[in-house]
Amino acid sequence: MLDDPVERDRCTRWIGPAPSVAPGDDVGTARGAWLGESTLQLGGLHCAACAGLIEQALARVDGVLQARVSAGSQRATVQWDPARTRLSALVQAVRAAGYEAVPDIAAPARALRRREHRAALWRLFVAGFCAMQVMMFAAPVYLARPGEMAPALRQLLDWGSWVLTLPVLLFAAGPFFDGALRALRRGRIGMDLPVAIAIAVTFVASTGATFDPGGPFGSAVYFDSLTMFVAFLLGGRYVELRARHRAAESLEAALARAPETAQRLDPDGQARWVSVHRLQPGDLVRVGLGQAFAADGPLLEGRSAADESLLTGESLPVPKQVGDVVVAGSLNVGAPVLMRVQRAGADTRHAAIVAMMRDALTQRPAAARVADRWAGPFLGAVLLLAAATAAYWSGVDPSRALAAAVAVLIVTCPCALSLAAPAALVAAVGALARRGVLVQRLDAVEALARTRHLFIDKTGTLTEDRPVWRDTVWTPGRASAPHRAACEAAAASLAAWSQHPLARALAAGLPPSAQAWQAIEERAGQGLRGIDTDGVEWRLGSAAWTGARPSDDVQVWLARGAQVLAGYRFDETVREGAAAAVAALRHAGLRLTLLSGDAPAHAERLAQRLGIAEVVAGATPEAKLAALAAAQRAGEPVGMVGDGVNDAPVLARADVSLAMGQGALVARAHADAVIVSNRPLDLVRARATACKAMRIVRQNLAWAALYNLLAIPLALTGALPPWAAGLGMAASSMAVVLNALRAGR
């Protein structure tokens, strides 16, 4: 089923010619000639080391070019050549490595989470129930005074504890042994290995003491410590599991808004329900009230409103009328409408957002990559430390050697350290997505928090990309009202023939005119030329086109024959919240620089209006790049906010970059994040969220380091029993995960 093209394409996007295609070959549209990138939802991961094991398993599949696994979000992104392998082979490889994998589609992912949750809950129940019973058997031994308990009775209680420990060892502790064995098969030391060794050593020694009290293992048993340790650790992992599932469900609810079926009109006018994956550009689709739009395209019939909170984070419905474009995933909340499919499937804006979020969630932040590199040496040192502890106490007090060594193995497990950064960053990315800020690179969260100098493009970022007519500058001798009315009528009529932004703004600002023309011509980059009914030529456009003297303050001129009659000045509409956003960024300590290709007077006037002190005006893309590079050479962490159209070089060069806008901007590769809401204030919220997330990461790292500094000496001196070490490690991991979730609020 996974290799069926329709089902395969639900979790796969095609990103370019495969390596098996020779340069110059006509690849056409055949999927076998393109490189596939599939996203899988994983199950059974417990630590960062599991991600490396799955990556190794996928890399061994012939045809896999790259595999990237995130333990934090439990997703894998795999690039593969469909001419050499299949999607089902990727899933089989993950399952052969001992983990679960399903295509990252809502229904299978939910089923996988239910199975994982049920198994984790059963293991926690068995461990907790048996631990309570074992503690009940151990209580008389702890409370009895010397000589009060007969040896036979004590041995009977130990046998009962041994029997109750078996389900914990064979079932509840299964994930620890499975994880340790998987790592050893790959020649690696995983974080489950110290835990598995501690459980096994404790059980073997306690079993020897139970059945041969006078033997080499002595008479002390630790079944109560073993079962309590497993119960505490499973409790911590269960809390972590629920936190991950809640984050996945929240993001899934935000992204999985596209419907499964659509009501398509056949050529004969009959309506038929079909899978949305069968829609093609040009199809007519009927969308009822309360239904979600299945594709991107214009409305053909009806007036309605669309809930586009998925794209913009704005819950207020957007009015839609005939000709307006609706987007897949938005909800029809007004009235039934008819739309024409313009983009369907993977080409929709909704699919671009989903792909962007999947990319972000399958990345590992820099802190996690550093932790992965040090995990193996650190765990090796832990094993040596535990062995040295056992050797020391064997010579000083053999009865305490086992407990001390087991406590060292347990207390030094770096689970909390490995979760400190990924958990907080994934939670922050999910929160930003719900606010209309889509992050493509997890490291961008850290870079945004470090930014001290922010370059902001003017048009399309702080201002709308639609200018508005401000006033008219008349040349001397053109003061009579009738003459001015005739000029305005000619200018409005000529401007109505063009789609240039300045022409459209002029046509919208002047009184409408139905003046007739014998001929109309538009010269790109210059202006319009029209011949009126008297045979007189009129020109509307640039100074060079009309013969006017250039002026920094006038963008459009009107001429009749060789006479320049008037000039038209325009203003840009400042985006709502732009001034408040600039003030908030300055209050946060950021140095702001306005970048603009406009004339200096125009750019500086806007900068003064918004309160920005530094301006780089009349700047070409090369000049913008040079200004940003100069700030980087000065040692400043630099960010760039642009419209993503003509700022690609600057966006790519900045330490962190954000693009404003919707549509094609969502899929731009040059920006680290896209503010699809177009709200400048969301830039402030994005940085505040990034700063909060990094504070939480530092808190988690500090807590993990402090815990180890306090607990390791206690374990080495034998003052920390194994059950207390297990409780401390589980509590440490739970504290890190719960603290990380604050980044998503």
Side-chain angles (χ1 to χ4, degrees), residues 1-4 6-13 36-48 50-59 61 64 66-80 86-120 175 178-179 182 237-238 240-258 260 277 346 350-351 353-364 368 419 422-423 425-427 429-430 433 442:
M1 184 273 294
L2 295 179
D3 298 323
D4 177 80
V6 172
E7 296 298 329
R8 177 193 60 194
D9 290 352
R10 298 184 68 186
C11 67
T12 302
R13 59 176 179 170
E37 186 175 81
S38 300
T39 306
L40 303 177
Q41 179 80 38
L42 305 175
L45 282 76
H46 299 292
C47 63
C50 299
L53 298 179
I54 297 176
E55 286 179 354
Q56 289 181 358
L58 289 168
V61 177
V64 171
Q66 183 184 21
R68 188 172 65 236
V69 178
S70 170
S73 60
Q74 296 210 336
R75 287 181 174 86
T77 298
V78 188
Q79 292 183 6
W80 53 286
R86 298 174 300 169
L87 180 61
S88 58
L90 307 182
V91 174
Q92 289 170 355
V94 175
R95 291 179 176 174
Y99 300 90
E100 280 291 329
V102 294
D104 191 7
I105 306 169
R110 282 195 297 269
L112 177 60
R113 287 199 298 269
R114 283 196 297 268
R115 292 197 302 269
E116 193 174 21
H117 176 261
R118 189 181 301 114
D178 291 342
R182 283 195 296 262
R237 289 196 172 185
Y238 178 76
E240 176 195 345
L241 176 75
R242 290 298 301 151
R244 284 202 316 266
H245 284 187
R246 281 196 298 270
E249 290 164 1
S250 176
L251 187 58
E252 188 178 273
L255 296 181
R257 288 272 295 272
E260 295 293 328
H277 306 290
H350 174 270
I353 292 175
V354 173
M356 180 183 295
M357 293 307 302
R358 285 173 176 167
D359 284 346
L361 292 178
T362 54
Q363 294 174 5
R364 286 194 224 173
L419 292 170
L425 295 183
V426 168
V429 168
L442 276 184

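For the single chain, residues carry numbers from 1 onward in sequence order. Note that these values count all heavy atoms, side chains included, but never hydrogens, waters or copies made by symmetry.
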Nearest atoms (heavy-atom pairs only) where Tyr238 meets His117: OH-NE2, 2.7 Å
Non-hydrogen side-chain atoms of Val78 and Glu55 separated by less than 4.5 Å: no
Whether Arg182 side chain and Gly98 backbone form a donor-acceptor pair below 3.5 Å: yes
Qualifying residue, where the test is side chain to side chain contact (heavy atoms under 4.5 Å, CB included) with Leu45 and the options are Cys50, Pro175, Ser70: Cys50
Residue pair Val94 / Val91, side-chain heavy-atom distance below 4.5 Å: no
For Tyr99 against Gly43, the heavy-atom pair lying closest together: CB-O, 3.5 Å
CD-CG distance between Gln92 and Leu87, expressed to the nearest 0.5 angstrom: 10.0 Å
CA sep, side-chain torsions, deciding dist, call: Val69, Leu53, side chain to side chain contact (heavy atoms under 4.5 Å, CB included): CA-CA 9 Å; Val69 178; Leu53 298 179; over 6 Å; no
Inter-residue atom distance Arg95.CZ - Ser88.OG, 0.5 Å rounding: 10.0 Å
Heavy-atom closest pair, residues Thr12 and Gly36: CG2-CA, 4.1 Å
Interatomic distance, Glu100 atom CD to Leu40 atom CG [nearest 0.5 angstrom]: 12.0 Å
Nearest-0.5 Å distance, CG of residue Leu58 to CH2 of residue Trp80: 12.5 Å
